[in-house]
Amino acid sequence: MKRSGWSYPSWCLVALVLAGQATATEATRESFGSMADGSKVEAVVLRNSHGMTARVISLGASLQSLTAPDAAGKQANIVLGYATLEGYQKAPQYFGATVGRYANRIARGKFTLDGHEYSVPVNDKVNSLHGGTKGFDKLIWTVADVRHDAKAASVTLKVTSPDGDMGYPGKLDVTATYTLDEDNRLSIDYRAVTDKTTIVNLSNHTYWNLSGEGSGSVMQDLLTIAGDAYLPVDAGSIPTGKITPVAGTVFDFRTPKAIGRDIRDGREEQLINGRGYDHNWVISRSEARGRRRGPACGPPRAARVLRCGRSPSCGRNPGR
């Protein structure tokens, strides 16, 4: 039997400086309701001593909320999520979800692996999106481990996707670990083990509003991406195979730029194809050689700053 391991660690850091508080973290379990079939959905709440609180729910191994203080200590939830389970069932939007088996799109729902063509469900016009009609975001994961100590609090969730699930080859055992530490860093670590050659592309689908959920548009927020190039897409949002330099284009975020400054530029075909920014940026070689630092984003007055890293590329969908 052929077995292979795969992991993709990623981290996000909301940069805050608060002093005079004791060092301690907490992790608690609570109910988040029941599905229509009676299946129970759990929530695990992670807290640090600086006032940050992350709530992770077992439906989709999703980040349901992330409450963080700004520079003045004012608390706000800075991610989008439904307050109750009903919203996730009535109008699923991938809010904070773990998406897979394959995040993003597979053209026409077909791929070839080791000479065999596989078909997966089409759920985005003619393409397959985020694993198909019943991706990992729609599964109830098992809460496998909850722990905390003086430095960090964490929860690990697990799910098993059987061979042939949604058309993908191989049984896949997946874990997602969320960790909130005393440096105000929220880490998400994905790991998967398969018994056959397969394709896997796990990601988190959180939407951020650093001014606070419900505070209005993020188009004025300043975004920095250390990417020298991006991947153009066709009208179906499938990458064309080209790698295009960002210099002289609306995709140049190498210095801080408001997200909405160029997003309505009707002269740019790529913005039309993506209905805004729905593209991948290629992190620059100089960044990859050094201490890799990914995108940074924050409101103009910098009440909160989000930094993401540890990836050779990054995808952004800040608005359409």
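When atom types are taken as modelled, the side chain of D195 and the backbone of K171 share a donor-acceptor pair closer than 3.5 angstrom. Looking at N273, its side chain does come within 3.5 Å of a backbone N or O of V233 through a donor-acceptor pair. Put simply, the side chain of N204 never gets that close to the backbone of I188: no donor and acceptor are under 3.5 Å apart. Side chain of H130 to backbone of N104: a donor-acceptor contact under 3.5 angstrom is found. One N or O on the side chain of T98 and one on the backbone of A61 form a donor-acceptor pair closer than 3.5 Å. Of the possible donor and acceptor atoms, one in the side chain of S128 sits under 3.5 Å from a partner among the backbone N and O of P121. Of the possible donor and acceptor atoms, none in the side chain of E42 sits under 3.5 Å from a partner among the backbone N and O of R29. Although no hydrogens or angles enter the test, the distance criterion places no donor-acceptor pair under 3.5 Å between the side chain of Q220 and the main chain of G260. With hydrogens and angles disregarded, no donor-acceptor distance shorter than 3.5 Å links the side chain of D145 to the backbone of V155. No side-chain donor-acceptor contact under 3.5 Å links T142 to the backbone of A144.
Heavy atoms of other residues, nucleotides or ligands lying less than 6.0 angstrom from CD of E117 number more than 12. The number of heavy atoms from other shown groups lying within 6.0 Å of CD (E269) does not exceed 12. The neighbour count for I243 CD1, taken as heavy atoms of other residues, nucleotides or ligands under 6.0 Å away, does not exceed 12. The number of heavy atoms from other shown groups lying within 6.0 Å of NZ (K158) does not exceed 12.
Rounded to the nearest 0.5 Å, atoms CZ (R261) and CG (L223) are 12.0 Å apart. Atom CD of Q64 sits about 11.0 Å away from atom OG1 of T206, to the nearest 0.5 Å. Taken to the nearest 0.5 Å, the CG atom of L157 stands 12.0 Å off from the CG atom of L139. From T67, atom OG1 reaches atom CZ of R47 across 9.5 Å, with rounding to the nearest 0.5 Å. Summarising the geometry, atom CD belonging to Q270 is positioned 7.5 Å from atom OG1 belonging to T244; distances are rounded to the nearest 0.5 Å. Taking CZ of F32 as the reference point, atom CD1 of I140 lies at 12.0 Å (rounded to 0.5 Å).
A continuous path of hydrophobic side-chain contacts links M166 to I106 [ILVMFWY only; heavy atoms under 4.5 Å]. In the hydrophobic clustering of this structure, V246 groups with I263; members are Ile, Leu, Val, Met, Phe, Trp, Tyr whose side-chain heavy atoms approach within less than 4.5 Å, directly or through other members. Clustering ILVMFWY residues whenever any of their side-chain heavy atoms sit less than 4.5 angstrom apart, transitively, puts L306 in the very cluster that holds V79. Linking ILVMFWY residues whenever their side-chain heavy atoms come closer than 4.5 Å, directly or via other members, leaves I238 and Y102 in distinct clusters. When hydrophobic clusters are built by joining Ile, Leu, Val, Met, Phe, Trp and Tyr residues whose side-chain heavy atoms come closer than 4.5 Å, directly or via intermediates, V99 is not grouped with I199.
Closest of all the heavy-atom pairs between Y178 and L63 is OH-N, 3.6 Å. Contact record, V143 with S58: CG2-CB, 4.4 Å, taken as the closest heavy-atom pair. Across every non-hydrogen atom of S119 and K110, the tightest pair is OG-NZ, 3.0 Å. The minimum heavy-atom distance linking L172 with V200 is given by the pair CD1-CG2, 3.9 Å. The shortest heavy-atom contact between N209 and V218 is CG-CG1, 3.7 Å. For D262 against Y277, the heavy-atom pair with the smallest separation is CB-OH, 3.8 Å.
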Stepwise side chain to side chain donor-acceptor pair (under 3.5 Å) check, D173 with T160: CA-CA 5 Å; D173 294 313; T160 296; 2.8 Å; yes
I would like to know whether R185 and D181 meet salt bridge (Lys or Arg N to Asp or Glu O under 4.0 Å); could you show each step before the answer? CA-CA 6 Å; R185 182 167 51 210; D181 67 21; 3.1 Å; yes
Given the rule in the side chain to side chain donor-acceptor pair (under 3.5 Å) test, do Y168 and S161 qualify, once you have shown the distances and angles that lead to the verdict? CA-CA 9 Å; Y168 291 92; S161 176; over 6 Å; no
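Side-chain rings of Y207 and Y94 stay apart, their centers remaining 6.0 Å or farther from each other.
D278 and R105 are joined by a salt bridge, as a carboxylate oxygen and a charged side-chain nitrogen come within less than 4.0 angstrom of each other. Salt-bridge check for D252 with R254: passed, with a basic side-chain N closer than 4.0 Å to an acidic carboxylate O. Under the 4.0 Å criterion applied to side-chain N and carboxylate O atoms, R147 and D149 are not assigned as salt-bridge partners.
Using a 4.5 Å heavy-atom threshold, the side chains of R101 and T198 count as touching. Inter-residue side-chain proximity for F136 and V174 is flagged as met; some heavy-atom pair is nearer than 4.5 Å. D189 places none of its side-chain heavy atoms less than 4.5 Å from the side chain of T179. L66 places a side-chain heavy atom less than 4.5 Å from the side chain of W208.
Under 3.5 Å, the side chains of T25 and E182 contain no donor-acceptor pair of N or O atoms. In the model, D234 has no side-chain atom that pairs as donor or acceptor with a side-chain atom of T240 under 3.5 Å.
Ring geometry, W281 versus F253: the interplanar angle exceeds 60°, so the pair is classed perpendicular (tilted spans 30 to 60°). Aromatic ring orientation, Y82 versus F95: tilted (interplanar angle from 30° to 60°).
Under the side chain to side chain contact (heavy atoms under 4.5 Å, CB included) rule, Y190 has a single partner from L202, T177, N201, which is L202.
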